[in-house]
Each structure stands twice: as structure tokens, then as C-alpha cells.
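Step one of this worksheet: look at the structure below.
Because only heavy atoms are used, hydrogens play no part in the values below, and waters and symmetry mates are left out as well, while side chains stay in.
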Amino acid sequence: MKGAQLAVRCAELAADKKAENLVALDLRGISNFTDFFVICSGTSEPHLKAIATEIEVRLKEEGATPAAVDGYPMSQWIVIDYSDVVVHIFHTQKRDFYSLEDLWSDAPRLELPVS
């Protein structure tokens, strides 16, 4: 599973754990380090951990292992790097502070089957 398909799957798994404000940015042609960002929010540290764990465990069962995982729930920002797709799981307040959608505002959004 690569690229857009993986980004959509990450968003679906995050939605399964009630992640909020899911967005997938298509960075192909804009970035040389990844093709997609999947960005979502959680409401608490346990919620962030649940979202990250769901993505990691379920994708591992499906044959995808992250190149790296960084951050902890108490840092309020967890990053899961699948090379073609980088998933950012933020606490709501941290997401507003770092505002990745604004930093990458020229990136088109991938249509997600989840809200």
C-alpha cells in the first residue's frame, strides 16, 4: 500500500478512534521528503495515544511498518512516518499553534471518505 491509498487508510483508522478535523495534504511536487501529510486532532493525551496505536497496530497487520514514530502523548504531537505518508496527531491546541495546514497551504487536499 503506497501513497494516496495509504493516506486514506491512515485517515480511516484515525476516524475509527474518533480523531477530529481529519485532513490529508497532497505534497507530491511540493515536497521531496514525503507525498502526503495526514493531520488530525485528539482531545486528550490518552486519545492521542489511542489514535496512534490504532494506526500502527492495524497497518502492521496489513503489512505496513512505519520508518519512524516520534513524540509522546504528553508532548501533544505524535508523528508516524510511513515514508510516502507522514501522519501528524496533534492535541487540538498544539495543532492550532503549529498550523501545518497554513504552512502547506499550497498543497491540494486529498478527498477523504471520512469527516
Side-chain angles (χ1 to χ4, degrees):
M1 190 174 357
K2 293 284 182 184
Q5 183 183 11
L6 181 58
V8 168
R9 186 66 180 132
C10 289
E12 290 171 342
L13 294 170
D16 287 349
K17 288 298 178 183
K18 308 295 185 214
E20 299 178 350
N21 301 316
L22 281 154
V23 174
L25 302 179
D26 185 344
L27 303 176
R28 293 175 292 187
I30 299 171
S31 164
N32 62 0
F33 65 90
T34 192
D35 291 338
F36 296 92
F37 275 174
V38 175
I39 305 168
C40 64
S41 300
T43 57
S44 66
E45 292 171 11
H47 191 201
L48 300 178
K49 183 175 173 69
I51 295 166
T53 299
E54 179 74 1
I55 293 169
E56 285 184 77
V57 169
R58 295 284 299 277
L59 286 181
K60 187 173 184 179
E61 291 170 355
E62 297 172 20
T65 303
V69 178
D70 196 18
Y72 301 94
M74 63 186 179
S75 73
Q76 300 184 342
W77 183 3
I78 300 172
V79 178
I80 308 171
D81 183 354
Y82 287 98
S83 297
D84 291 341
V85 177
V86 177
V87 181
H88 297 270
I89 307 164
F90 284 103
H91 190 283
T92 305
Q93 294 162 340
K94 285 283 187 187
R95 182 173 177 176
D96 290 341
F97 179 79
Y98 286 104
S99 191
L100 290 183
E101 293 98 327
D102 291 339
L103 289 173
W104 295 92
S105 63
D106 52 343
R109 291 183 182 217
L110 189 64
E111 189 169 331
L112 298 174
V114 295
S115 55

So how far is it from [X] [atom1] to [Y] [atom2], rounded to the nearest 0.5 Å?
X: Ser99; Y: Lys94; atom1: OG; atom2: NZ; answer: 14.0 Å
X: Glu56; Y: Lys49; atom1: CD; atom2: NZ; answer: 9.0 Å
X: Asp35; Y: Leu25; atom1: CG; atom2: CG; answer: 12.5 Å

Nearest non-hydrogen partners of [X] and [Y], listed with the distance:
X: Pro66; Y: Tyr82; answer: N-CE2, 3.4 Å
X: His47; Y: Gly42; answer: ND1-CA, 3.3 Å
X: Leu22; Y: Ala11; answer: CD1-O, 3.7 Å
X: Ala7; Y: Val38; answer: O-CG2, 3.6 Å
X: Val23; Y: Glu101; answer: CG2-OE2, 4.0 Å
X: Ser41; Y: Ile51; answer: O-CD1, 4.0 Å

Starting from Met74, can I reach Val79 by hopping between I/L/V/M/F/W/Y residues whose side chains sit under 4.5 Å apart? no

Can any side-chain N or O of [X] pair as donor or acceptor with the backbone N or O of [Y] at less than 3.5 Å?
X: Arg28; Y: Gly3; answer: no
X: Ser75; Y: Tyr72; answer: yes
X: Thr34; Y: Asp84; answer: yes
X: His91; Y: Thr43; answer: yes

With respect to Phe36, which candidate in Val86, Val87, Leu110 satisfies the side chain to side chain contact (heavy atoms under 4.5 Å, CB included) definition? Leu110

Could you walk me through whether Arg9 and Val85 pass the side chain to side chain contact (heavy atoms under 4.5 Å, CB included) test, one step at a time? CA-CA 10 Å; Arg9 186 66 180 132; Val85 177; over 6 Å; no

Heavy-atom distance under 4.5 Å between the side chains of [X] and [Y], does that happen here?
X: Asp26; Y: Arg109; value: no
X: Ile55; Y: Ile89; value: yes
X: Leu6; Y: Leu59; value: yes
X: Leu112; Y: Val8; value: yes

ring-ring contact (aromatic ring centres under 6.0 Å, His included) partner of Phe90, the single match among Trp77, Phe37, Phe97: Trp77

